[in-house]
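Structure record follows, encoded as structure tokens.
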Amino acid sequence: MTAERPTAEEPTTTGDLPHGGDVTYVYAVARDSTALRESAAELVGVGGAQVRVVGGTDGDGSGREESADPEQVAFVASSVSARDFDENALRRHLEDLEWLEAVARAHHAVIESVAGATTVLPLRLATVYLDDDRAREALDAGRAGFVQLLARLEGQVEWGVKIYVDAPSEPPGPDAAPAAGTADAAGTADAGLGPGRSYLRTRRAQRSSRERAHEAARTAAERIEAAGHAYATDRARHRVQQGELAGSGGENVVNDAYLLREDRSHAFREEVARAADDLPGVRVEVTGPWVPYSFTTPPDDLSGAPDTSGAPGAEGSS
């Protein structure tokens, strides 16, 4: 299993930020509780800042388990320099891959650590507010949606599933000389053909091989979808990855994420991992379990919750 976190999305800011001083950076939403506060107290976040919990304006801020109310939610937050996170600075930082990677690593590390203690709703990379009071206002405004999303994600994890087709190598051009020692049955069959006709025959064979591989990939996808129907709570489709993002070589033709109860994950993973065993030219890659970054967008019937989607692609799963 490849350990690959779902990719982070583009940074975003909330409101006009000051040119100096600190602002409030938020990582995630969770139910306010002692477990959350104890977990946050042990963490440092972006820029090495101490992580803290910012509760809503209508809670007592204690996070006491004995009075814990599922309606009481909180931001996991820290302070960062406004100079690094205003709109102009973020535009510059998008070109600085080293800075962006450091922020993304710290962001996801906080989320994953807190997820070990409680259910979390990941927020977008570099979501910042002017101060804690502005963050509380946003938390109160989205509370109903946050509560429903947290209930939906409780006890669930994300698994990423990618399908790759191993593309056949490009044939040499029609004017290329055959490599020494490569004569075989195909070469013998082409011996009576000119270079151009031989090249076209090779291209037709290559196209036929690619079509067979894609048909086999569709079979693997159908098997994986069947496993999803049997075990998963939900599925999210991501754009297929290309170039360096594809990572494992070959052509990425499916890039999905599945939401599963933790106790159903093993059976799902085992079934998916076997989906291409008898399909030459097709590979299935399973990653996870992850915090469910791909499932933080409110469903159609959930009103009043801000868009909190945190993956990209999971990223995520990813």
Side-chain angles (χ1 to χ4, degrees), residues 1-9 108 111-112 115 119 122 152-170 204-297 299-300 309-318:
M1 179 177 65
T2 304
E4 175 188 315
R5 180 187 293 113
T7 54
E9 66 295 317
H108 291 300
I111 290 171
E112 289 169 6
T119 302
R152 177 173 180 256
L153 297 179
E154 188 168 10
Q156 307 271 349
V157 292
E158 176 175 330
W159 289 87
V161 178
K162 296 178 183 177
I163 300 178
Y164 293 91
V165 171
D166 292 327
S169 58
E170 285 292 323
R204 283 195 296 269
Q206 181 190 49
R207 187 179 304 115
S208 177
S209 175
R210 182 181 294 113
E211 289 172 354
R212 288 195 300 271
H214 277 265
E215 182 61 35
R218 284 190 286 272
T219 298
E222 290 169 359
R223 293 172 181 177
I224 292 168
E225 288 183 14
H229 284 303
Y231 297 107
T233 304
D234 199 358
R235 178 180 69 173
R237 292 184 180 273
H238 298 304
R239 282 183 293 183
V240 296
Q241 296 180 327
Q242 299 176 330
E244 293 183 3
L245 288 176
S248 295
E251 180 187 359
N252 179 213
V253 295
V254 169
N255 181 18
D256 289 350
Y258 286 86
L259 184 68
L260 289 106
R261 292 202 325 248
E262 292 182 73
D263 61 357
R264 309 191 83 179
S265 291
H266 179 75
F268 172 80
R269 182 181 180 277
E270 290 295 307
E271 190 163 329
V272 169
R274 296 192 299 267
D277 281 356
D278 60 343
L279 300 172
V282 178
R283 291 183 296 109
V284 174
E285 181 181 271
V286 186
T287 62
W290 308 115
V291 176
Y293 290 92
S294 300
F295 301 93
T296 57
T297 300
D300 293 340
S309 54
E315 202 357 267
S317 302
S318 167

Original post:
Knowing that exactly one of Y231, F268, W159 qualifies, which makes a ring pair (Phe, Tyr, Trp, His ring centres under 6.0 Å) with Y258?
Top reply: F268

Subject >> Closest contact, heavy atoms only, S265 versus V157 >> reply: OG-CG2, 3.4 Å

**OP:** Specify the closest pair of heavy atoms between N252 and Q241, including all atoms of both residues, with the distance to one decimal.
**Re:** OD1-N, 2.7 Å

Original post:
Taking side chain as C-beta onward, heavy atoms only, is E112 less than 4.5 Å from V291?
Top reply: yes

Subject >> Where I111 and P122 come nearest, the two heavy atoms and their spacing >> reply: CD1-CB, 3.9 Å

Original post:
Is R283 positioned over the aromatic face of Y164, cation under 6.0 angstrom from the ring centre and no more than 45 degrees off axis?
Top reply: yes

Subject >> Pair R223 + D278, salt bridge at N-O below 4.0 Å >> reply: yes

Original post:
Atom CD in E285, atom CD1 in I163: separation rounded to 0.5 Å?
Top reply: 11.5 Å

Original post:
Roughly how far, to the nearest 0.5 Å, is OG1 of T287 from NZ of K162?
Top reply: 6.5 Å

Subject >> Any side-chain heavy-atom pair of H238 and S294 under 4.5 Å >> reply: yes

Subject >> Counterpart residues, salt bridge (Lys or Arg N to Asp or Glu O under 4.0 Å), relative to D263 (two or more places apart) >> reply: R261

Original post:
Hey, are the side chains of Q156 and F295 touching, using non-hydrogen atoms and a 4.5 Å cut-off?
Top reply: no

Original post:
Which heavy atom of V254 sits nearest a heavy atom of A221, and at what distance?
Top reply: CG2-CB, 4.4 Å

**OP:** Using the side chain to side chain contact (heavy atoms under 4.5 Å, CB included) rule, take I224 and V284 through it: C-alpha gap first, then chi angles, then the decisive distance, then the call.
**Re:** CA-CA 10 Å; I224 292 168; V284 174; 4.1 Å; yes

Subject >> Any donor-acceptor N or O pair under 3.5 Å, side chains E154, T119 >> reply: no

Subject >> Atom of P292, atom of L259 and distance for their closest heavy-atom approach >> reply: CB-CD1, 3.6 Å

Original post:
Residues in side-chain contact (heavy atoms from CB on, under 4.5 Å) with E215, at least two apart?
Top reply: R218

Subject >> R235: salt bridge (Lys or Arg N to Asp or Glu O under 4.0 Å) partners, not counting sequence neighbours >> reply: E225, D256

Original post:
Are any non-hydrogen side-chain atoms of V282 and H214 less than 4.5 angstrom apart?
Top reply: no

**OP:** Provide the closest heavy-atom pair for A227 versus V272 in the form atom of the first, atom of the second, distance.
**Re:** CB-CG2, 4.2 Å

Subject >> Euclidean distance, D234 CG relative to E158 CD, rounded to 0.5 Å >> reply: 10.5 Å

**OP:** Output the distance between atom CD (E270) and atom NE2 (H266), rounded to the nearest 0.5 Å.
**Re:** 4.0 Å

